[in-house]
Each structure stands twice: as C-alpha cells, then as structure tokens.
Amino acid sequence: RVEIARRLLGLGLKPHDHRQIVLDGLESRNVAMIDLLASAGVSFDASSVPAQSLTDDLAPHLIPKYLRPNETTYVGNEACTLQEIFGVLTPDHDGCEGTRGPLWLHFVVTGNVRMMELMIKNGADLSLWSMVHDMRTGDGRPFNAMDVAVRRKDTRMAAFLRRAGAPAGIWRASSRGRRQPQATP
C-alpha cells in the first residue's frame with residue numbers, strides 16, 4: 001500500500017479529507033505510510049491524532065517527530081473515562097464531551113508506564129493539570145496525574161510518577177473547598 005500511495009502522490013493526487021487520511025494512516029500502523037502522508041502535507045498533531053491511536057508501536061515514532069507531550073488533546077479511550085475514574089457521572093447523564101489535557105496524561109489514564117517514560121524523555125511537564133466536568137454539580141474540577149493514578153488504584157503508575165517528580169494530587173483538596181490551583185494547563 002505504501003508504494004501505491006507513493007505513486008499516486010507522485011502523480012499529483014492531493015489528499016482532500018485530511019482527518020480520514022490521518023485515521024486511515026494510523027489504522028495501518030505503518031510508520032512509512034505515516035511519514036509518506038506527512039510529506040504530502042497531511043498534518044499529524046494533537047488535534048488530528050486521537051490519543052487512543054497512540055499505541056505502543058506508533059507512539060515512539062510519532063513522538064517527538066509529529067507530536068509533543070504537552071500538547072492538549074482529549075485523554076482516555078472514551079469520552080466519559082475521566083468522569084468514571086473520578087466518580088462524577090450521574091445515573092441520568094446524557095454523555096460526555098471528553099476531557100482535555102496534556103497528551104502525556106492519556107498514558108497515565110491508560111496506565112501505560114512505558115509510554116510515560118517516553119513522554120518524560122521528550123519533555124512532559126508533570127506539573128500540568130486539567131479539569132474534569134462534574135456532572136453532579138455542573139462545574140469543572142481540577143485534577144492532576146497523581147490523582148488519576150490514585151483513583152485508578154494504579155500503584156505502579158503512582159510510584160513511577162513520584163520517582164519522576166510529579167506533584168501530589170489536588171483532587172481531594174479542591175473537592176473540600178480549598179484553594180484551587182492558579183495556573184492553567
């Protein structure tokens with residue numbers, strides 16, 4: 001397929017639906033295809049690459065060549081993943097819009113220590129935090145990587161984050177009405 005795509009692009013074919021081409025390129029799991037598409041002007045960045053596409057075989061190629069660890073994206077494999085982790089779904093919820101955060105946070109949410117090592121090597125800022133929509137109150141609540149690891153009961157990830165210098169969790173402090181973080185991700 002790569003040779004066919006290379007030939008078509010060489011004959012002047014211009015990709016039109018970039019989003020679908022990105023998804024098809026990622027689905028192929030072929031790094032040569034991804035590089036070919038990128039050389040033809042298809043953009044592989046945090047806005048076009050769904051975090052759940054960052055598999056162990058593709059992420060090392062895409063980062064740092066096309067993606068940066070601190071770019072903002074939707075994290076988790078499903079839109080309501082973070083609401084489920086933090087227990088803020090209501091029985092009558094009508095769906096979630098997804099939670100945005102730094103790209104590296106996706107690997108904390110999925111418990112992938114190996115990919116977190118890659119993200120840290122490439123400049124992941126573990127002091128960044130994000131907001132999850134609390135469907136019970138209608139407000140956004142801050143959380144960080146350590147909060148995710150603790151709520152998931154992922155002791156391996158929590159230990160890794162501590163060794164990497166990640167700050168302590170902020171979820172509990174914010175839910176008791178204490179001062180929330182001032183910086184935004």
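Note that the coordinates shown come from a computational prediction; the quantities given were computed from them, not determined experimentally.
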Main-chain N/O of G123 paired to N70 side chain as donor or acceptor, under 3.5 Å = yes

side-chain contact (heavy atoms from CB on, under 4.5 Å) between I63 and M115: does it pass, once the steps are laid out?
CA-CA 10 Å; I63 302 158; M115 288 300 108; over 6 Å; no

For R136 and D134, what are the C-alpha separation, side-chain angles and deciding distance, and is it a salt bridge (Lys or Arg N to Asp or Glu O under 4.0 Å)? CA-CA 5 Å; R136 298 172 306 183; D134 186 336; 3.3 Å; yes

- Query: side-chain contact (heavy atoms from CB on, under 4.5 Å) between L103 and L54: does it pass, once the steps are laid out?
  - Reply: CA-CA 10 Å; L103 183 65; L54 296 174; 3.5 Å; yes

Find out if a path of hydrophobic residues (ILVMFWY) with successive side-chain heavy-atom gaps under 4.5 Å connects L161 to V113. yes

Minimal heavy-atom distance between M157 and F107, with the atoms involved, is CE-O, 3.5 Å

When every non-hydrogen atom of A51 is compared with those of T73, the smallest separation belongs to CB-CG2, 4.4 Å

Task: Any V148 side-chain heavy atom under 4.5 Å of L82 side chain - done: yes

d(N30 CG, L58 CG) to nearest 0.5 Å is 9.0 Å

In terms of hydrophobic clustering (I, L, V, M, F, W, Y; side-chain heavy atoms under 4.5 Å; direct or indirect links), are M135 and W171 co-clustered? no

When rounded to the nearest 0.5 Å, the distance separating CG of L126 from CH2 of W104 is 5.0 Å

**Asked** Less than 4.5 Å apart, any side-chain heavy atom of F86 and any of D147?
**Response** yes

Taken to the nearest 0.5 Å, the spacing of T110 OG1 from M116 CE works out to 9.5 Å

Distance col, row D45:CG vs L67:CG, nearest 0.5 angstrom, shows 7.0 Å

Practice problem: Please examine the side chains of V42 and V22, heavy atoms only from C-beta on, and report whether any two atoms are closer than 4.5 Å. | Solution: yes

Heavy atoms of A145 and L105 approach each other most closely as CA-CD1, 4.1 Å

**Message:** When you group the ILVMFWY residues by side-chain heavy-atom contacts below 4.5 Å and let the links chain together, are L26 and Y74 in the same group?
**Reply:** no

Pair Y66, V49 - check side-chain contact (heavy atoms from CB on, under 4.5 Å), show working. CA-CA 10 Å; Y66 302 110; V49 175; over 6 Å; no

In this structure, CZ of R162 is separated from OG1 of T155 (nearest 0.5 Å) by 9.0 Å

| message | Between F44 and L36, is there shared hydrophobic-cluster membership here, with clusters defined by ILVMFWY side-chain heavy atoms closer than 4.5 Å? | response | yes

**Message:** For a 4.5 angstrom cut-off between non-hydrogen side-chain atoms, does N77 reach H106?
**Reply:** yes

CD of E78 to OG1 of T99, rounded to nearest 0.5 Å, is 12.5 Å

Heavy-atom closest pair (V108 atom, A149 atom, distance to 0.1 Å) is CG1-N, 4.3 Å

Show, in sequence, the C-alpha distance, side-chain angles and deciding distance for T72 and S130, and conclude whether the side-chain contact (heavy atoms from CB on, under 4.5 Å) test is met.
CA-CA 10 Å; T72 302; S130 193; over 6 Å; no

For D56, the side chain to side chain donor-acceptor pair (under 3.5 Å) test, sequence neighbours excluded, returns N112, R114

Measure the shortest side-chain to side-chain distance between L23 and E27 over non-hydrogen atoms and say whether it is less than 4.5 angstrom.
no

message = Would you say CD of E117 has more than 12 non-hydrogen atoms from neighbouring residues, nucleotides or ligands within 6.0 angstrom?
response = yes

Closest non-hydrogen contact found for N122 with P64 is OD1-CG, 3.2 Å

Shortest non-hydrogen pair, M146 vs P167, comes out as CB-O, 3.5 Å

